[in-house]
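Down below is the structure, laid out as structure tokens.
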Protein chains: 2
Amino acid sequence: MAVTINDVAKEAGVSITTVSRVINGNYPVKQETRQRVEEAIKKLNFQPNPIARSLVCRRTNSIGIVVPSITNMYFTEVVDGIEKYARNNSYDIFLNITNGDAKAEINAVNKFIERYVDGIIVVDPQTENMLSGFYDEIVNTVPVVFVNGYHQEIDLSFVISNEENGFKNALKHLNKTGHKNIIFVRGESSYSYDLKENIYRKFIKNIGSREYILTVNAGNSIEVVENTKKSIINISSEIKLGEDFTALIACNDLMATGALNACLELGIKVPDEFSIIGFDNIILSQMTTPKLSTVDQNMKKLGEKSAEMLFNYIESGYEADKVLINTKLILRESCRI
Amino acid sequence: MAVTINDVAKEAGVSITTVSRVINGNYPVKQETRQRVEEAIKKLNFQPNPIARSLVCRRTNSIGIVVPSITNMYFTEVVDGIEKYARNNSYDIFLNITNGDAKAEINAVNKFIERYVDGIIVVDPQTENMLSGFYDEIVNTVPVVFVNGYHQEIDLSFVISNEENGFKNALKHLNKTGHKNIIFVRGESSYSYDLKENIYRKFIKNIGSREYILTVNAGNSIEVVENTKKSIINISSEIKLGEDFTALIACNDLMATGALNACLELGIKVPDEFSIIGFDNIILSQMTTPKLSTVDQNMKKLGEKSAEMLFNYIESGYEADKVLINTKLILRESCRI
DNA sequence: TTGAAAGCGCTAACAA
DNA sequence: TTGTTAGCGCTTTCAA
């Protein structure tokens, strides 16, 4: 049996109220008494029971993280950022993986609320849950911060990476280094893919060159690497890579890696004959040969920032807010410099 | 304010005890009464407060996972396996990332115990904590299962992948497909590297060929890819890759990827001129060109199995046990078949 | 500056 | 089959 506040009170010859006071330091206690209590605490190696505390205070010193997947390096880094920040503030973390299922996301959030978590971070929330208004009442109960995902006209708190900006810069760089005809690779359905496609379209129109949009399956899972590779090899008979089109920009690094693999197989030299730029800057992008140029989303910072916001809400109350995190073009070896 | 058992009792016109009984179904309740209570529960949308429950039952329906890192794809898959299994059994998960720090590991475990978690899984525990006897008393308080890590003569519960077996098979395959002189790549210090080195040494002696052991820095982090690449390029002036040595076996897929990158840069054709086999079967191994042959550790299964064991302990009491998970040689494109 | 006592929401003896 | 009651370990009024 663990030692309780009662044991400490007896040992120190005071009431449990007094012990509680020295633990929390929220009421005056005579210096001498405090010392006696502190000694008793040390002697008995007393740790206040957080469960009992939570029951009365409605505070658990824990937060919940909801994330679509954890085998995806992208999310993993966000979680890592959150975890570090939370631990530094001595918060514990509940983790729930939804596999991108909207129902599972709702269940996760509800379970967290039941558990009295002090706050919730949802990474890449399902768009349908954003639109259904599910979260609108939730935030009256417990603060919630979202990391990326659909946020147009949604009056909730977000940390969002400035994808527009990064993507535009990548495109500009490609153009500046002599590329005119640029292939765009995207996955099937996602707010972020649409966003990038729009930018791509406008840009291509602007410089008066040819569009080529390649849509591949399974945008965010491992398979997308292989899928992209095959797609590119397929179209390589139709359009001349390195001549008709001399560059490619992808919606994420997995797709870019697939493109790189295709070039390797087709004997097209990157970056001499063909340039490739990815997006995200997951660690994979440093492991390829040549190393991928990409746009850094700074996932760790996304995580840290979301945690920081959440803790502010926990302390000072919730208020919808959107924070934009800058992205940065990282030039490595897969494109001209 | 959330609805409590009291509200339900009033609504149904019974005592809270009766409500508790129908919730838990552990004592007889008249059919008719039960129905009334159930209706009240539904009507008020009552959810029992798990905190109050935990306080009296000393059970939280949660487990703690301690893991060195989460940006490492290897651990990530183990955690994923645990999470799935736990969620299927409607357990929630606390996650703690130690960054391989022994003190942090101890803190994590202690915090979990304070929180009354029902069980703990420690992935790749720090050897010094295993040896110091820290866990010996812990397991009297709460069941703990370890995934891999140092386990010689340690009388605790482990799920261990059979690395010996898988590594030996890889070596045999290399030899069977005509390779005699095989390079061995390892990281600096780890039980698992030593184990593999011993097997390698014996094997090489047995077939009467030349040893070549390459030790690279930062065994388990991203940098090891680049470090390995550089090391291989370095030694390539000293020993002729593809002639003196025609194959390479690495302690993990990151190192193998580095080796692959080196070959790419040196213009050595894999697998035509040089064979490479990695270890672990992280998803990266499917993303390289050529795809890596490797030894599957089945991390997901390691995770699932450890969760399964833990739940058994939670139900039926703890008892030290070691479970071996088989590894499997996966032949892809980076070695002769 | 201190203590007694109520209560957080629930479970489980015990009694009826 | 049901209800009364005493906790679980803590915080926080209220009174002294």
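Order of the sequence lines sets the chain letters (A, B, ...), proteins ahead of strands, with each chain counted from 1.
OP1 or OP2 of C/dC8 has not a single side-chain nitrogen or oxygen of B/N49 nearer than 4.0 Å. For D/dG9, one of the phosphate oxygens OP1 or OP2 lies less than 4.0 angstrom from a side-chain nitrogen or oxygen of B/R58. Between B/S15 and D/dG3 there is a side-chain N or O to OP1 or OP2 distance below 4.0 Å.
The listed nucleotides are D/dG9, C/dC10, D/dT11; the one nearest the side chain of B/T4 is C/dC10. Each of C/dG3, C/dC10, D/dC10 was ranked by its minimum atom distance to the side chain of A/T18; first place goes to C/dG3. Comparing D/dT12, C/dC10, D/dC10 against the side chain of A/P48 picks out D/dC10 as the nearest. Nearest to the side-chain atoms of B/R21 among the listed nucleotides D/dT11, D/dT2, C/dT1 stands D/dT2. Listed nucleotides C/dT2, C/dT11, D/dT13 differ in distance to A/Y27; the shortest reach to its side chain belongs to D/dT13. Ranking C/dC10, C/dG9, C/dT2 by closeness to the B/I16 side chain, first place goes to C/dC10. For B/K30, the listed nucleotide lying nearest its side chain is D/dT2; candidates were D/dT2, C/dC10, D/dG9. Minimum atom distance to the side chain of B/A52 is reached by C/dC10, of the listed D/dG9, C/dT2, C/dC10. For A/V56, the side-chain atoms get nearest to D/dT11 when compared with the rest of D/dG7, C/dT1, D/dT11.
Here the C1' atom of nucleotide C/dA12 and the CZ atom of B/R59 are 16 Å apart, to the nearest Å. Rounded to whole angstrom, the span from the CG atom of B/L55 across to the C1' atom of D/dG7 amounts to 9 Å. The CG atom of A/N6 sits 12 Å away from the P atom of D/dT11 (whole-angstrom rounding). Atom CZ of B/R36 and atom P of D/dT1 are 14 Å apart (whole Å). Between A/N26 atom CG and D/dC10 atom C1' there is a gap of 12 Å when expressed in whole angstrom units. When the C1' atom of D/dC10 is taken as reference, atom CG of A/N61 falls 14 Å away, rounded to whole Å. One interatomic measurement links the two molecules: NZ of B/K10 to P of D/dG3, which rounds to 15 Å at whole-angstrom precision. Straight-line distance from the CD1 atom of A/I23 to the C1' atom of D/dG9: 10 Å, rounded to whole Å.
B/S54 comes within 4.0 angstrom of no nucleic acid atom, judged by non-hydrogen atoms across all strands.
Map A/N24 and B/V14 each onto its nearest nucleotide of DNA chain D; the residue landing nearer the 5' end is B/V14. If you find the closest nucleotide of DNA chain C to B/I51 and to B/T17, the one lying nearer the 5' end belongs to B/I51.
Of the listed residues (B/Y191, B/Y135, B/F146), just one forms a ring-ring contact (aromatic ring centres under 6.0 Å, His included) with B/H151, and that residue is B/Y191.
Side-chain contact check for B/N61 and A/R115: no donor-acceptor pair (N or O, by modelled atom type) lies under 3.5 Å.
Between B/E308 and B/K305 there is a salt bridge, with a side-chain nitrogen of the basic residue lying less than 4.0 Å from a carboxylate oxygen of the acidic one. Classification of A/E77 and A/K84 as a salt-bridged pair fails, no side-chain N sitting under 4.0 Å from a carboxylate O. The existence of a salt bridge linking A/E304 and A/K301 is excluded, since no basic side-chain nitrogen approaches an acidic carboxylate oxygen closer than 4.0 Å.
Counting non-hydrogen atoms of neighbouring residues, nucleotides and ligands closer than 6.0 angstrom, the NZ atom of B/K322 exceeds 12 such neighbours.
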